[in-house]
Every structure is written in structure tokens, then in C-alpha cells.
Amino acid sequence: MNNEQFAQVFDRIADLLEIKGEVVFKTLAYRKAAESIRDLPGSLKAFHQQGKLMEIPGIGKAIAEKIEELIATEKLGFLERLEAEVPVGLLEVLQVPDVGPRKAALFWKQAGVTSLAELEAAANAGIIRTLPGMGEKSEARILAGIDALKRRGHRLNLDTARSIADRWLDWIRHQPGVERAEAAGSLRRWKTTVGDIDIVVAIKEPSELMKALASHPDVQRVLGTGDNKTSLELPGGINMQVWTQPPDRFGTLLQFVSGSKDHNVALRALAQKQGLSLSEQCITTADGKEMLFADEEGIYKTLGLDFIPPELREDRGEIKAAEEHRLPRLLEVSQLTAELHTHSTWSDGINTIEEMARGCLSRGLKIYSASDHSGGLGIAGGLKPERLRERKKEIEQVQQKLGNGITILGGAEVEIKADGTLDYNDETLAWLDVVVASLHTSLRQPRDEITARLVNAIRHPHVDIIGHASGRLLPNREGADLDWDIVLDEAQKSGVAFEINANPSRLDIDEVHVRQAVEMGIPIFINTDAHAVEQLDLVVYGVSVARRAWLKPDQILSTWEPDRLLTWLKMPKANRKNL
DNA sequence: GCCGTTTTCGGCCCGACTGTTTTCAGTCG
């Protein structure tokens, strides 16, 4: 079992306990444990081996014992008993909007509903409306909810969510009375994928705006609307919430809707300790006075905290760090100096080396590597070794033309073949300035096999960087089933670097593994994998991964001064560990 | 079930919105 699978077990327990009617704080404890496991820097099994389970936040004696049982037997008696007690089909019933554990239990106990299909049948038969607390509207809402569930697409990639949000922000900002409008929620925290789109608006009188939103041609249906919040369904089953407060309360609203939920809970608990109450409207003092905030900064200051950037608001220790003035100064795009993984017209890119180099130069970069595909990847127009030599001549010409402002390197993205060998021979690999080794095919190999395959590349003396290591494609295709304990251990020994692939459909390696790698002293680059000049701007998404992983600029080699980085690239891999 | 410079027992965020109610429960973020 990997961390995600452990986490799913505890989320499942929480869901079942909720339906069963267990006290909410117990279910919260299981959810908190699941979240902690997902964020863990290292495998849960490794923590167990080191006897450190109870050091993980949210894991105490009871949950630690359950983890031990799972590791020993791959089973959990507690969960099995729970599944015998509560129909597991009710878990999908919980997915219906506006159906939570209490209603699910009601449908089960009073109408015999044990699955989504049975709920739909019961609603269609008019049975649901007869239950206590239910009525015709509730029944219709449930049918609409089941319908929405079927329509509902997957989560959105960050760039998709951003472009949708930007279009709406542009429209909202032009509506009468709107003073400010911003995207909030997981989009503002730069979470890897986004579920719903959240927009916050500063406006004194919101009713006209709410009406205008409801009648906007791109709104498929209105899911709910009030004075301060409206919930809309957009084409493709995407949900959008628009929240409003008067301008002098915009700060608390933006803070609240930005989340995360866990961050807000922790922040409000901190406020409580200080005799204050924090809400989306204001901070209320013990004697009932309201403190208003037009901006977020004052909220954190009032609570005795340094300002916490949205990317860090996940309740992973950021509040304590802000209290103690030891939040990291996070990486900015402007601090990057190098781009080592791009493609040109020599393989499947659409811009020439000169165009790409000029694109890098105009973005303030000092080192650019054309890292075209190796020969084996036929679909991407990979280069045979002799073509690499021809490309080198062009690189030299462009270098001469552009002068000293930028150093152009001749690299390659080399395929790690299904048997673990590389696509170029050692002589060619040694000759290249930068070697990025990547998996593209046979990603569904069993864990042992694909791990060994990647380890081969990691150990290879001429491989500088492992490209998009997991091979995941967001939002749907999972990455390879790698054994990360082995992968990172081998990387640490070999001196190889990992990239954060900045393409929003990759963001690979992810923030959890980035943090773990950096703690182990493994070098990290941010690369765009750009196949066109404008894709160089995707780097902002890679930067967001580094920011969410709490990295400081110097921990990313892509920020290094050119001389230092070129020295690093030229020295034998085994020696780099000492730099 | 977890946790502790207000607690080893008694807490565990706060408000909007909806639908069903005659004042509130459930859900959501």
C-alpha cells in the first residue's frame, strides 16, 4: 500500500462512521489523519519502520495501531466490521450534492436505500418526499443532484480553471457597483487541480449582480442564491461560487474563501484563544466590537502572524511558522535563470532554436537548453545522433548571433526504454550538454519493474535530470506506480536531479516528493518542457509547486548564477553532491 | 479520535443558504 491508499482507508472509515452516526469529532480525526498521510514527506511504511507513526500530526494510539495492522496484514478488522454494518453503496450516495451523512442514514434506515441507483428509484417513486424533514423540493433536488453527478466532469487543470476564472472576473469587474473581484479557493492556492471555481467580489449592493449572474447565457443553472453567495453551474458541469461582501469587509471574505478549510479552522481556533472570533465578515472582539478588513494583511497581523502566502495555507505548520517569523521567502518567477528542458523544430517543437532562445532571453533567462527528443520516440520526431551533430552547428550560429546574454546548450530528452536502457549510447550521452531522461511508454509496468527501470536511468553516469518522473497526466491519468523510497534513495546516492515539470497537465514531480527530495539534498530544477515560445510562460505553474513545497529560491538550481550552474553541469555527476 | 504556555478531561470555526419547519437541522465551504 502507498500513502494514498492508506489515506483512502481512513477517509472511508470517516464516511462510514458519519453515516453510522458517530460523533463528528471522531470522523474529523480520521479525516485529519488521512490528510496528514497524504502530505507525508516519505512513505508511511518508512515512518512505521522508524517507530515514528505517533509523531505524525493527527495520528495517535488508535490510528497508529490500525496502520500497523494494515501494514502487517493488508487488512483492517475495524473497517471490515464497519462495512458489514453500513452498506458501502451509501458512500456513493454521499457524493450527491446536498446529501450528507444524516440524510444518507435517513434514506437507508427509513426507505431501505443502500446505493445511488436505489436512491434515484426511491426519489422517482415519490418515496423520499414522505420521509421526515423531506418534501417535494428536497426530492427534486436529490434527482437534480444525481443528474449533476452524472454530468459532473473531473477536476480541472490549473490553467483551464484560471482561464475560466479570468473570463468571469473580466465580466464581473465590468458590472455596476463592483469595486474589486478576485479568484479565491484552491485556484488562488495554486492547488494542482481545481474542483470548483470561487470568485470573491467587493460590492455594496449585490442583488443586481446576483441577478445578472443568474441570467448570464453561460450559466446552465442556478444551484442556490442569496445576498452574499450564489452558486452556479457552468457548461461541462463546472460549479462556480460567487461570494460578496462590502468593500470594507473584502479582506476577511478573500481570506475565508481562499481556504483551505483546514487552514481556516486552525486560524479561527487561534483567534479564539486570543478571545477573538474570525469570520468572513470581520474579526469580533470579546466585547462584541467588529474589526473590518478591506485587505488580508491586517487579519494575519491582528492575530500576531506574519502574512501567509495562499500557497502555504494548508494547515501544514504555516500558522506556527508565521507566529515564529520563520516562514520561508518563497521563489518568484523573476528569480529563475535557466530553462533546461525545451523542444525545437529539430524534434516536435514548433519554434526554431533561435526563436526559443530569444523567448528565453526576453524572459530574463541566462541559460537555455534545446533538449529535443531522442531517436526512439518516433512520434515526436526524435533525433538520431548524427542529427544532433547537425543541430550543434545551428546552436553555435545562434549563439554567435545572440551574443553573451544567454548561453545556449545542446541537450536531449532521452527516452528510458521499457527495458531500462537509454535511447542513446554512452558516447552520445557524454557529448550532450544536458541529458534529461524520461519515461513515456509502458508506464503501467508493475512497481518493481518500473522502479528498476527508473533506477537504471538515475544511476547512469551521464543522466543529469530525471524528467517528469511519474509520467502522470492531470487531471485523470495517474503516474507510474513507483517505489519512491527506492527512487529517492538512489537519486541521493547518484547525484541526479529531478525536474518539476511546469506543464499544468504534469506538475511532476509533485509537491510532496519535491519537499522530500530537497530534504534529502537532491537537486531540483523547474523546466517547462516548452514546445513553443509562449509555453515558456507555463513556468509559473512549476514555480507554484516549489512555493507549495515551501522551497526557498536557492534550493532550486534553476535560480543559480549561470557560472555556478554551468560548472555543475560540466563536473562529473558523482562529484556534484559536494557542490 | 486527537490534543494540551488557559486543559491528561473537555474541548474540537463560523456563517450562508435551503427546505422544512413554526424555531431549526442539514449541508457546504
Side-chain angles (χ1 to χ4, degrees), chain A residues 10 13-14 17-19 21-36 53-67 78 93-107 128-142 144-145 184-186 188-189 195-200 206 210 222-231 239-245 249 252-253 255-284 303 313 315 319-320 323-324:
Chain A
F10 291 114
I13 289 174
L17 283 178
E18 272 192 323
I19 297 171
E22 185 55 86
V23 289
V24 287
F25 298 114
K26 193 180 281 194
T27 66
L28 275 177
Y30 280 107
R31 289 197 200 287
K32 171 87 184 159
E35 211 41 51
S36 270
L53 281 182
M54 303 264 289
E55 290 176 24
I56 300 168
I59 292 183
K61 189 159 172 288
I63 294 183
E65 279 171 5
K66 290 183 176 69
I67 292 169
F78 180 74
V93 169
L94 285 181
Q95 300 304 308
V96 180
D98 300 315
V99 176
R102 316 301 285 254
K103 286 183 189 170
L106 177 76
F107 303 154
I128 295 300
R129 70 179 73 178
T130 66
L131 301 176
M134 293 290 115
E136 279 183 44
K137 279 190 179 175
S138 298
E139 191 172 79
R141 218 175 154 83
I142 281 162
S186 49
R188 183 162 180 250
R189 301 198 314 280
D196 300 342
I197 294 182
D198 290 292
I199 307 262
V200 292
M210 296 314 205
V222 179
L223 305 170
T225 188
D227 288 342
N228 298 313
K229 180 186 171 185
T230 189
S231 188
N239 284 3
M240 179 169 78
Q241 269 89 242
V242 180
W243 314 66
T244 69
Q245 284 290 335
R249 296 178 191 265
T252 36
L253 179 68
Q255 194 288 318
F256 166 68
V257 183
S258 294
S260 65
K261 187 173 165 58
D262 290 339
H263 173 83
N264 286 353
V265 169
L267 201 64
R268 288 172 177 206
L270 176 71
Q272 257 195 338
K273 268 195 214 166
Q274 302 174 8
L276 303 170
S277 172
L278 170 63
S279 77
E280 58 264 52
Q281 298 187 351
C282 61
I283 291 178
T284 311
L303 297 174
R313 299 180 193 171
D315 193 27
I319 291 177
K320 194 154 195 294
E323 248 176 335
E324 298 167 357

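Numbers restart at 1 for each chain; the letters A, B, ... are given by sequence-line order, proteins then strands.
With both ends at atom P, the span from B/dT20 to B/dT27 equals 14 Å, rounded to whole Å. Remark: the separation of the C1' atoms in B/dG29 and B/dC13 is 12 Å, to the nearest Å. Of the C1' atoms belonging to B/dC3 and B/dT8, the separation is 9 Å, rounded to the nearest Å. Spacing between B/dC9 and B/dC14 at atom P, rounded to whole Å, works out to 25 Å. Nucleotides B/dG11 and B/dT6 place their C1' atoms 12 Å apart, quoted to the nearest Å.
With hydrogens and angles ignored, the 3.5 Å screen pairs no side-chain donor or acceptor of A/Ser258 with any backbone N or O of A/Arg188. The backbone N or O of A/Phe256 sits less than 3.5 Å from a side-chain atom of A/Asn264, completing a donor-acceptor pair.
Here the options are A/Arg31, A/Arg102, A/Lys26, the test is salt bridge (charged side-chain N to carboxylate O under 4.0 Å, His left out), and the partner is A/Glu18; only A/Arg31 passes.
Between A/Leu53 and A/Ala64, the shortest heavy-atom distance links the atoms CD1-O, 3.8 Å.
Nucleic acid contact for A/Thr225: sugar-phosphate only, since backbone atoms but no base atoms lie under 4.0 Å from a heavy atom of the residue. Within 4.0 Å (heavy atoms only), A/Leu278 reaches sugar-phosphate atoms of the nucleic acid but no base atom. Contact annotation for A/Lys61: backbone-only contact, meaning every heavy-atom pair under 4.0 Å involves sugar-phosphate atoms and none involves a base. If you check every strand for non-hydrogen atoms under 4.0 Å, A/Glu18 touches nothing. Using a 4.0 Å heavy-atom cutoff across all strands shown, A/Ser277 reaches sugar-phosphate atoms only and no base atom.
A/Met134 places a side-chain heavy atom less than 4.5 Å from the side chain of A/Lys103.
For A/Thr252, there are no side-chain hydrogen bond (donor to acceptor under 3.5 Å, both in side chains) partners two or more places apart in sequence or in a different chain.
Nucleotide B/dT8 forms a pair with no other nucleotide shown, judged by Watson-Crick or G-U wobble geometry with both contacts under 3.5 Å.
Within a 6.0 Å sphere centred on CD of A/Glu136, other residues, nucleotides and ligands contribute 12 heavy atoms or fewer.
A/Asp315 and A/Lys32 are joined by a salt bridge, as a carboxylate oxygen and a charged side-chain nitrogen come within less than 4.0 angstrom of each other.
Comparing A/Lys26 and A/Lys137 along DNA chain B, the residue whose closest nucleotide (by nearest heavy atom) sits nearer the 5' end is A/Lys26. Closest-nucleotide positions on DNA chain B for A/Arg141 and A/Pro101 were compared, and the one nearer the 5' end corresponds to A/Arg141.
Taking a heavy-atom distance under 4.0 Å as the criterion, the stretch of DNA chain B touched by chain A extends 5' to 3' from B/dG1 to B/dG29.
A cation-pi arrangement is absent between A/Lys66 and A/Phe10 under the rule of less than 6.0 angstrom and at most 45 degrees off the ring axis.
Residues from residues 256-265 of chain A placing a heavy atom under 4.0 Å of any atom in DNA chain B, listed by number, are A/Phe256, A/Lys261, A/Val265.
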